[in-house]
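To keep things clear, I will list the structure first and then write my remarks on it.
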Amino acid sequence: MKLDSIGDWRRTHYSVDVKPELDGQEVTLFGWVQEIRDLGGIRFIIMQDREGTIQVTVPRKKVSSEVLSKSDVLQKRYSIGVKGVVKKTEMTPRGIEVIPKEIRIFSTAVLRLPIDITGKTPANIDVRLDARALDLCQEENLAVFKIQHTAVEAIRNFLFERGFIEAHTPRIIASATEGGAALFPVEYFEKKAFLAQSPQLYKEELVMSFEKVFEVGPFFRAEESHTRRHLSEFVSIDIEQAFATAESVMQLLEQLMHFACKVVDEKCHNELVKLKYNVKVPKVPFKRLKYDDVLQDLKREGIEIPWGEDIPTPAFRTLGEIHPHFYFIVDWPTHSKAFYIKPRDDNPEICEGFDLMWSWIELASGGTRIASKELLIKRLKEKGLHPESFKHHLKAFDYGMPPHAGWAIGLERLTMMLTDKKNIREVTLYPRDKFRLTP
RNA sequence: GCCCUGGUAGUAUAGUCCGGUCUAGUAUAGGCGGCUGUCGCCCGCCCGACCCGGGUUCAAAUCCCGGCCAGGGCGCCA
């Protein structure tokens, strides 16, 4: 088939911007054929762009032979341009249709698409991910990422307004320093390097100059995890603030969650309708459960966890039933948290770390950090880590490390919360896990 | 890494327990034809599949073994 060039055509409107008031006006639309309903004498072409759909109506006897022959060959997903006249009508749900004067076909598509784009026969998640570029054209799936975009925009604005400076720390790091999460090794010239699991140490060093710093970016964990809420590559929203404590950054975090939910609720009405979901704007402050309270709650449900033990996933699920929305868990046993979390002055068995939970899922975690070099070295040793491998980071503590605190939000988990999706792969454009490296 | 479940047209499923009735059903997508107001359009006709390898058996989509792949759960995970 001979394809058309875009030539001097420029888009005048997105589909949603064509309204009954434009009756009689000529418009130029670009997009894709989503559906064709041919009734013989009249043909309806549902055209889609990123904002929605619009009906192009082709009455066989009233359009030019050029338009008719172009519309004869159209198939689903052909990329097209339509120049035509807006017609106000009672016969479409949106009260308008477009009668084409000229149709240009920019590209074609295969006849049997790997997934049903009409949504009548939904595909399974692995089939969808294998055809992700096409899958994302479905309005419901696009809606997920428009919501994610809106949330990130709101979060950035919120942090900018409060004087946070956006930073970019390295993704390639020299050694497996933090313990805990496993790292992906990479070849770095003649040396061995790793993909960063977090910006933790860098953002702490940056509070000495920036005071308030944040970063939004991908990080990598080589865990064996095979769950609906873990990825090998995920996006972290990290902040760190000088002259702050856990309580101050918890307040910042709950206000941020309130704000992000509010903005998504206000700006993403259409997307939420497509997802058949309502975002609840949470009231602040959020509940603050002590680790001990959590053990008590679980005990009442018949789950006994000895003090100091980690809380296993099934127990978190139970906890999520008791507390279905946002809540903090505070006063964790010191040994259950990372080495850089500050133990409480009045009781070093307990630390100033916290988790922000959404039902049973950990959305964010943070805390007051250790600002004393001696204490940090002591904690490193207690965790079985070698201060020598942290020597560059420890030097920063010789230059006036202020008291500081911070947190990190998992963006994909936040998106799950905002879209009611149960599998993190659905809210990740191209998810990476132990079993998936493509596309 | 461990456990459970599954793998049937492009997609989604029925059939598998209890082997023969399966020439493998249905929906949707796709092809051809018809239809001037559809919006999950409608009507008629058509195309298209048992994950791979081995075994048991007169006979395997169905039972057994191995492999690969997927989903869920657990553990791991700041």
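Being a predicted model, the structure only gives us computed values, none of them experimental. Letters A, B, ... mirror the listed sequences (proteins, then strands); counts begin at 1.
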Which nucleotide, B/rU11, B/rG1, B/rG37, lies nearest any side-chain atom of A/Lys434?
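Out of B/rU11, B/rG1, B/rG37, the nucleotide with an atom closest to A/Lys434's side chain is B/rG1.
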Give the nucleotide from the list B/rU28, B/rG37, B/rG1 with an atom nearest to the side chain of A/Asp116.
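Looking only at side-chain atoms, A/Asp116 lies closest to B/rU28.
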Report the relative orientation of the aromatic rings in A/Tyr327 and A/His323; use parallel for angles under 30°, tilted for 30 to 60°, perpendicular for over 60°.
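Tilted: the ring planes of A/Tyr327 and A/His323 meet at 30° to 60°.
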P atoms of B/rG40 and B/rA29, separation to the nearest Å
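So the two P atoms sit 13 Å from each other.
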Write down the distance separating the P atoms in B/rG66 and B/rC45, rounded off to the nearest Å.
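Result for the P pair: 47 Å, nearest Å.
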Can you tell me the distance, in whole Å, between the CG atom of A/Asp130 and the C1' atom of B/rG71?
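Distance, rounded to whole Å: 14 Å.
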Quick one: A/Leu111 CG to B/rA9 C1', roughly how many Å, whole number?
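Atom CG in A/Leu111 sits about 16 Å away from atom C1' in B/rA9.
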Check A/Ile117 against A/Gln138 and note the closest heavy-atom contact, atom names and distance.
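It is O-OE1, 3.5 Å.
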Check A/Gly366 against A/Ile341 and note the closest heavy-atom contact, atom names and distance.
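Smallest heavy-atom distance, with atoms named: O-CD1, 4.0 Å.
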hbond_proxy A/Ser198 side chain to B/rA78 base (donor-acceptor, 3.5 Å cutoff):
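Present.
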Find which nucleotide of RNA chain B each of A/Glu90 and A/Pro114 is nearest to by heavy atoms, and output the residue with the more 5' nucleotide.
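Of the two residues, A/Pro114 wins.
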A/Lys76 or A/Asp126, whichever maps to the more 5' nucleotide of RNA chain B:
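Taking each residue's closest nucleotide, the earlier one in sequence belongs to A/Lys76.
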